[in-house]
Novice: 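Take a look at the following structure, please.
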Amino acid sequence: MQIDGFLIGTTENKTAGTGVTTLICPDGASAGVDVRGGGPATRETDLLKPENTVQAIHSVTLSGGSAFGLTAASGVMAVLEEKGIGFETGYGKVPIVCGASLFDLPVGNGKIRPDITMGRAAAENAFKGQNVLSGNVGAGTGATVGKYRGAARMMKSGQGMSMTAFGDLQIGAVVAVNALGDVYDGEKKIAGLLDESGEGFGKTTYEEMLEDVKHDHPIFPGNTTIACILTNAKLSKAQCLKIASIAHDGYARAISPVHTSGDGDTIFVMASGKIEGDFDAIAAVAAEQIRLAILDGVRSATPLFGLKTASELN
């Protein structure tokens, strides 16, 4: 996926089941974020409030590793500083790197998490023009879905991407799909909670939840779907914030249930400011790109750690 003004790089440790995806705008991008889940792990989100000083950021870095994985953004920051990219302070340039991490500790080796070295590698790959793929790569390396009844009945998911263009106006999304709930393409469940045998689909997560509605059920904590919308449109910080909010519609169309207390669902928006476009149309397209990227992440996942994938059940 190529969006004018942006570079994308990934790195992963498939033995440990974790990785990093960094999205870089060397010239700086207007940005916004909307956090809806109850358990987020994020970096520099307050800076993106429209009333705050910095008007452009240089990277959104997505990673596994739960809160430990936020360290990867420091590696991206180091590479950007070395390349002279950043916010001019009068005492040197400070790269602005926002980020979010998902919880992938139950798969692979939870003691190995994205760190500064992995962040540097992802950033260096971005500047090398890496051909970024979907599936078990980057922040989606250890991603899973369907965890309401625990890890024994979950499925493998991954990182997904989708992009569309209207002439020279480009809008795309990168999503690491790591949801508590199930993933749907329209009415059809394509991934999520397995039946008790672990061989196929049984009840949906929503149906399982209804069985617990009258008593306290300890929700599985290791989730969070994280995403970034990239566009070359001219957008203000306030407009980016609103598009991030609207784009959560894409989560809701593809994931059920979504935004639970055990998810840290977060969407960033980065706009490089090259092309004029209609705000509401861009927002509607962005939400659909999120939905399509989620489906791509689930369908592109390949078997890992003995977990089933959508391609095996559909």
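Position 1 is the first residue of the sequence, and the numbers go up from there. Side-chain atoms are counted along with the backbone in the values below, which use heavy atoms only and exclude waters and symmetry mates.
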Novice: Begin from the C-alpha positions of Asn223 and Phe103 and carry the test side chain to side chain contact (heavy atoms under 4.5 Å, CB included) through to its verdict.
Specialist: CA-CA 5 Å; Asn223 311 292; Phe103 192 100; 5.9 Å; no
Novice: Ignoring hydrogens and geometry, is there a side-chain-to-backbone donor-acceptor pair from Lys147 to Leu193 under 3.5 Å?
Specialist: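 Between the backbone of Leu193 and the side chain of Lys147 there is no qualifying donor-acceptor contact (under 3.5 Å).
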Novice: Tell me, do Val94 and Met77 make a side-chain contact under 4.5 Å, heavy atoms counted?
Specialist: yes
Novice: Run Gln289 and Thr164 through side chain to side chain donor-acceptor pair (under 3.5 Å) and show every step you take.
Specialist: CA-CA 8 Å; Gln289 294 310 301; Thr164 190; 4.8 Å; no
Novice: List in chain and number order the residues that pass side-chain hydrogen bond (donor to acceptor under 3.5 Å, both in side chains) with Thr22, two or more places apart in sequence or in another chain; answer none if no residue qualifies.
Specialist: Ser59, Thr61
Novice: Between Asp115 (side chain) and Ala72 (backbone), is there a donor-acceptor pair under 3.5 Å?
Specialist: no
Novice: Can you pull the salt bridge (Lys or Arg N to Asp or Glu O under 4.0 Å) pairs that have at least one residue in residues 279-290, sequence neighbours excluded?
Specialist: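 Residue pairs passing salt bridge (Lys or Arg N to Asp or Glu O under 4.0 Å), neighbours aside: Arg253-Glu288, Glu288-Arg291.
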Novice: Tell me whether the count of non-hydrogen atoms from other residues, nucleotides or ligands lying under 6.0 Å of CZ in Phe220 goes above 12.
Specialist: yes
Novice: For the side chain of Gln130 and the backbone of Thr10, is there at least one donor-acceptor N/O pair under 3.5 Å apart?
Specialist: yes
Novice: Suppose we screen for side-chain hydrogen bond (donor to acceptor under 3.5 Å, both in side chains). Which residues come up paired with Asp195, at least two apart in sequence or across chains?
Specialist: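 Applying side-chain hydrogen bond (donor to acceptor under 3.5 Å, both in side chains) to Asp195 gives Ser197.
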Novice: Give a yes or no on this: more than 12 heavy atoms of other residues, nucleotides or ligands lie within 6.0 Å of atom CD of Glu51.
Specialist: yes
Novice: Going by ring-ring contact (aromatic ring centres under 6.0 Å, His included), name the residues that satisfy it together with His259, two or more places apart in sequence or in a different chain.
Specialist: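 Only His248 meet the ring-ring contact (aromatic ring centres under 6.0 Å, His included) criterion with His259.
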Novice: Which pairs count as salt bridge (Lys or Arg N to Asp or Glu O under 4.0 Å) when at least one residue sits in residues 11-38, sequence neighbours excluded?
Specialist: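 Sorted result for residues 11-38: Asp34-Arg36.
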Novice: Is there side-chain contact between Phe268 and Val174, with at least one heavy-atom pair below 4.5 Å?
Specialist: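 They are not in contact (no side-chain heavy atoms under 4.5 Å apart), so the answer is no.
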Novice: Would you say Ser30's side chain and Leu235's backbone share a donor-acceptor pair under 3.5 angstrom?
Specialist: yes
Novice: So which pairs with a foot in residues 170-182 pass salt bridge (Lys or Arg N to Asp or Glu O under 4.0 Å), sequence neighbours left out?
Specialist: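 Residue pairs passing salt bridge (Lys or Arg N to Asp or Glu O under 4.0 Å), neighbours aside: Asp182-Lys189.
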Novice: Which pairs pass side chain to side chain donor-acceptor pair (under 3.5 Å) with one or both residues in residues 94-113, sequence neighbours excluded?
Specialist: Thr18-Asp104, Ser63-Ser101
Novice: Which is it for Leu169 and Ile282 under the side chain to side chain contact (heavy atoms under 4.5 Å, CB included) test, yes or no, and what are the steps along the way?
Specialist: CA-CA 9 Å; Leu169 176 63; Ile282 292 170; 4.3 Å; yes
Novice: Within this structure, what is the CG-NZ distance for the pair Asp168 and Lys274, rounded to the nearest 0.5 Å?
Specialist: 12.0 Å
Novice: Could you tell me which residues satisfy side-chain hydrogen bond (donor to acceptor under 3.5 Å, both in side chains) with Thr260, sequence neighbours excluded, listed by chain and number?
Specialist: Asp263
Novice: Does CZ in Phe305 sit with more than 12 non-hydrogen atoms of other residues, nucleotides or ligands closer than 6.0 Å?
Specialist: yes
Novice: Report the residues that fulfil ring-ring contact (aromatic ring centres under 6.0 Å, His included) with Tyr148, sequence neighbours left out, ordered by chain and then residue number.
Specialist: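 Residues passing ring-ring contact (aromatic ring centres under 6.0 Å, His included) with Tyr148: His217.
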Novice: His58 side chain to Ile96 main-chain N or O, any donor-acceptor pair under 3.5 Å?
Specialist: yes
Novice: First locate atom CG of Asn136, then atom OG of Ser157, and finally report the distance between them rounded to the nearest 0.5 Å.
Specialist: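 Here the rounded value is 8.5 Å.
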Novice: I need the Ser261 OG to Leu180 CG distance, nearest 0.5 Å.
Specialist: 8.0 Å
Novice: What's the spacing between Asp4 CG and Gln170 CD if we round to 0.5 Å?
Specialist: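 Going from the CG atom of Asp4 to the CD atom of Gln170 covers 5.5 Å.
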Novice: Determine whether Leu48 and Cys98 make a side-chain contact, defined as any pair of heavy atoms from C-beta on separated by less than 4.5 Å.
Specialist: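 They are in side-chain contact.
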Novice: Kindly indicate, with the supporting measurements, whether the criterion side chain to side chain contact (heavy atoms under 4.5 Å, CB included) is fulfilled by Asp296 and Arg299.
Specialist: CA-CA 5 Å; Asp296 179 53; Arg299 288 181 168 136; 5.8 Å; no
Novice: Does the Asp265 side chain pair with the main chain of Thr224, one donor and one acceptor, at a distance under 3.5 Å?
Specialist: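 It does not hold such a pair.
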Novice: Please check: side-chain N/O of Ser300 versus main-chain N/O of Gly297, any donor-acceptor pairing under 3.5 Å?
Specialist: no
Novice: Return the set of residues passing side-chain hydrogen bond (donor to acceptor under 3.5 Å, both in side chains) with Thr117 (not counting sequence neighbours), or none when no residue passes.
Specialist: none
Novice: With sequence neighbours left out, write down each residue that passes side-chain contact (heavy atoms from CB on, under 4.5 Å) with Asn52, or none if nothing qualifies.
Specialist: Lys49, Lys237
Novice: Restricting to non-hydrogen atoms, name the atom on Val175 and the atom on Ala293 that form the minimum distance, rounded to 0.1 Å.
Specialist: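 In terms of heavy atoms, the two residues are closest at CG2-CB, 3.6 Å.
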Novice: Is there a side-chain contact between Ile229 and Ile290, using heavy atoms and a 4.5 Å cut-off?
Specialist: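 Yes, close enough: below the 4.5 Å cut-off.
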Novice: Between Leu62 and Cys228, which heavy-atom pair has the shortest distance, and what is it?
Specialist: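 Scanning both residues completely, I find the closest heavy atoms to be CD1-N, 4.4 Å.
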Novice: How close do Thr141 and Lys156 get, heavy atom to heavy atom, and via which atoms?
Specialist: O-NZ, 2.9 Å
Novice: Does any part of the side chain of Phe201, heavy atoms only, come nearer than 4.5 Å to the side chain of Leu313, both counted from C-beta?
Specialist: yes
Novice: Could you note down all residue pairs passing salt bridge (Lys or Arg N to Asp or Glu O under 4.0 Å) where residues 76-97 supplies at least one of them, sequence neighbours left out?
Specialist: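 Non-adjacent pairs meeting salt bridge (Lys or Arg N to Asp or Glu O under 4.0 Å): Glu82-Arg120.
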Novice: Once you round to the nearest 0.5 Å, how far does CE of Met270 lie from CG of Asn232?
Specialist: 13.0 Å
Novice: Hey, could you give me the NZ/CZ distance between Lys308 and Arg153, rounded to the nearest 0.5 Å?
Specialist: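 If I round to the nearest 0.5 Å, the distance is 14.0 Å.
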Novice: Write down the atom of Ser134, the atom of Gly160, and the distance for their closest heavy-atom approach.
Specialist: OG-CA, 4.1 Å
